[in-house]
Amino acid sequence: MYDSQAKDFERGLRDLLNSPEYQELVRIAPQFDLFGALDSGLSENASTRALSYFFDSSREHGCGTSVMARVLERLTPFADEKQRALLDGLRSSLEQCSTSVKWEWSTAARRRIDLLVQIRDADRSLKGVIGIENKHDAIEQKRQIESYQLGLYERYRPSPMVLLFLAPSGREPQTACEVYRDKCPCLTLPYKLLCEALRAIDESPSPDVRFFGRCLRDHLERELEGGTDMDRRVNELVHALYRRPEHREAIRRIIDNVPSLGKIRDSIANELAGRIRRAPEFGNDIVHTIEYYPTYSQTDLQQIILKPPRLRSDSGQFPSLTYILEADRDDVSSKTVPDIGDPVRVCLWAYCESAAQRRLAECIRHDLEASQRRCGLQESVPGLLTEGRREPIWAGVPWNLDDLGDRDVDRCAGLFMEALKHTYHQLLEILDKLGAEDAWRSEEH
């Protein structure tokens, strides 16, 4: 019975791997996200500056006014009759004119519009104005869009003008004023339409500009519109494969058996507990302080946590000291769920609830470094920065996850043991000394 089921699975898996949909999935290489690699991605200000580069025809991107013209073209089907005439007129001007861009253009009322695009002919005569307010997720201020419409109209009438409200799909301006509908209309520009318009950058003669444009477009689509064309195609292919009964069981088996750190977390904890019991100098009470984060998720496990009772302060006098196995933030960017090939390491953190505890954490770190220098042990805290309530005290050597199996179980447990060996007893001595000093100061007062 078992042999028959195994052969059926092998046959189903072979058919899945040979299917045209799977072959296309293999050919779709993951696209590098330049802005996503910057850890936090593009802020509202950063995306505004990036867009201003392509809206300004004087910049050396080789696109001229084509990107701005493509934006107006994409908006036209969604405009009313008067607005279409306005957009067509501005687009016509772009064919013979140049554009310049101002950041944070200030109205007479000192309200600042993110971008102001001016359209001028060869004689520098103004042929039109386009204001752009970029909203990722920030809320509108009181009468914000109305004040922009008024500011543009007062400054640039009778030139043709439009204010574009750039935002994720489904978001409309809440403070636009109908009084200026014919004078300076406010039109919503969803990021989805903008990303379509940014395809004009593909016509640039510069490969570097084309690469920059693609990275910008893909990042905006992924972060603000829920996915790129590649993401959507991958989704379509996977759904097509799953709809076919002959592939469904193979896909289910693959999903059930994908290795993860979460699936070996209990094995790591058991291995670590066994090693601690065989090393009585650390005390068996440590064995019962192994935790996970998130607590109930194997698939998304980010951290394995060790909280030795003797390094925790019940009185609140000292910060609580905690060993954590997690992705090495230096090498995995903002990724928090480590996979095969990703580096992990055990770091020692101090969780601080007050400024006084932060000062004590600093003392603990310096004393530990001094103690380790005397012992010839690792003394630095490489690549670690303060994160919210936690202050870095010590960092172990990274390990690249190899199989998410027995080899990684052995090595991850070893990382914890090395951390304890290098720091635990020194920390106890430091805490005793700091506690005695604090008690001595209290007696003096």
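Hydrogens, waters and symmetry mates play no part in the numbers below; they use all other heavy atoms, side chains included.
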Donor-acceptor contact present, side-chain [X] to main-chain [Y], <3.5 Å:
X      : Y      : result
Asp408 : Leu404 : yes
Glu140 : Thr175 : yes
Gln149 : Cys177 : yes
Asn270 : Ser267 : no
Thr99  : Val117 : no
Glu73  : Arg70  : no
Arg112 : Glu104 : yes
Ser66  : Cys63  : yes
Arg407 : Asp402 : no
Ser260 : Lys263 : yes

Trp394 and His422 aromatic ring geometry - parallel, tilted or perpendicular at 30°/60° bounds: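 Judged by the thresholds at 30° and 60°, the geometry between His422 and Trp394 is perpendicular.
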Full working for side-chain contact (heavy atoms from CB on, under 4.5 Å) between Val162 and Leu152: CA-CA 9 Å; Val162 64; Leu152 288 171; over 6 Å; no
The single option from Thr423, Thr322, Leu348 passing side chain to side chain contact (heavy atoms under 4.5 Å, CB included) against Ile393: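 For Ile393, the side chain to side chain contact (heavy atoms under 4.5 Å, CB included) test succeeds with only one of Thr423, Thr322, Leu348, which is Leu348.
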Test: Arg143 and Glu146 ion pair at under 4.0 Å: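 Yes.
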SB check Arg411 Asp403 (cutoff 4.0 Å):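 The answer is no: the pair does not qualify as a salt bridge.
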Check against ring-ring contact (aromatic ring centres under 6.0 Å, His included), Tyr242 and His247: CA-CA 6 Å; Tyr242 195 76; His247 297 329; over 10 Å; no
Validation row, ring centre Phe416 to ring centre Tyr424 under 6.0 Å: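 No, the ring centres sit 6.0 Å or more apart.
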Stepwise salt bridge (charged side-chain N to carboxylate O under 4.0 Å, His left out) test for Lys433 and Glu429: CA-CA 6 Å; Lys433 183 190 75 170; Glu429 292 176 4; over 6 Å; no
Residue pairs passing the salt bridge (charged side-chain N to carboxylate O under 4.0 Å, His left out) test where at least one lies in residues 56-65, sequence neighbours excluded: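 Pairs touching residues 56-65 that pass the test: none.
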Non-neighbouring partners of [X] that pass salt bridge (Lys or Arg N to Asp or Glu O under 4.0 Å), sequence neighbours left out:
X      : value
Arg210 : none
Asp202 : Arg217
Glu291 : Lys307
Arg359 : none

Test ring pair (Phe, Tyr, Trp, His ring centres under 6.0 Å) applied to Phe55 - qualifying residues, sequence neighbours left out: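 For Phe55, no residue satisfies ring pair (Phe, Tyr, Trp, His ring centres under 6.0 Å) once neighbours in sequence are set aside.
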Stepwise side chain to side chain donor-acceptor pair (under 3.5 Å) test for Tyr148 and Asp114: CA-CA 10 Å; Tyr148 293 164; Asp114 289 329; over 6 Å; no
Residue pair Trp349, Ile324: steps toward the side-chain contact (heavy atoms from CB on, under 4.5 Å) verdict: CA-CA 8 Å; Trp349 296 89; Ile324 299 179; 4.0 Å; yes
If you define the side chain from C-beta out and look only at heavy atoms, does anything of [X] sit under 4.5 Å from [Y]?
X      : Y      : value
Ile304 : Cys412 : no
Val397 : Arg345 : no
Val344 : Pro398 : no

Derivation and outcome, side chain to side chain donor-acceptor pair (under 3.5 Å), residues Thr48 and Trp103: CA-CA 8 Å; Thr48 300; Trp103 301 331; over 6 Å; no
Greater than 12 external heavy atoms within 6.0 Å of Asp406's CG: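 Atom CG in Asp406 is not packed in, count stays at 12 or less.
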Neighbour count >12 (heavy atoms, 6.0 Å) for atom CZ, Arg248: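 Correct, the count exceeds 12.
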Shortest non-hydrogen contact from Glu353 toward Gln357: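 In this case the closest contact between Glu353 and Gln357 is N-OE1, 2.7 Å.
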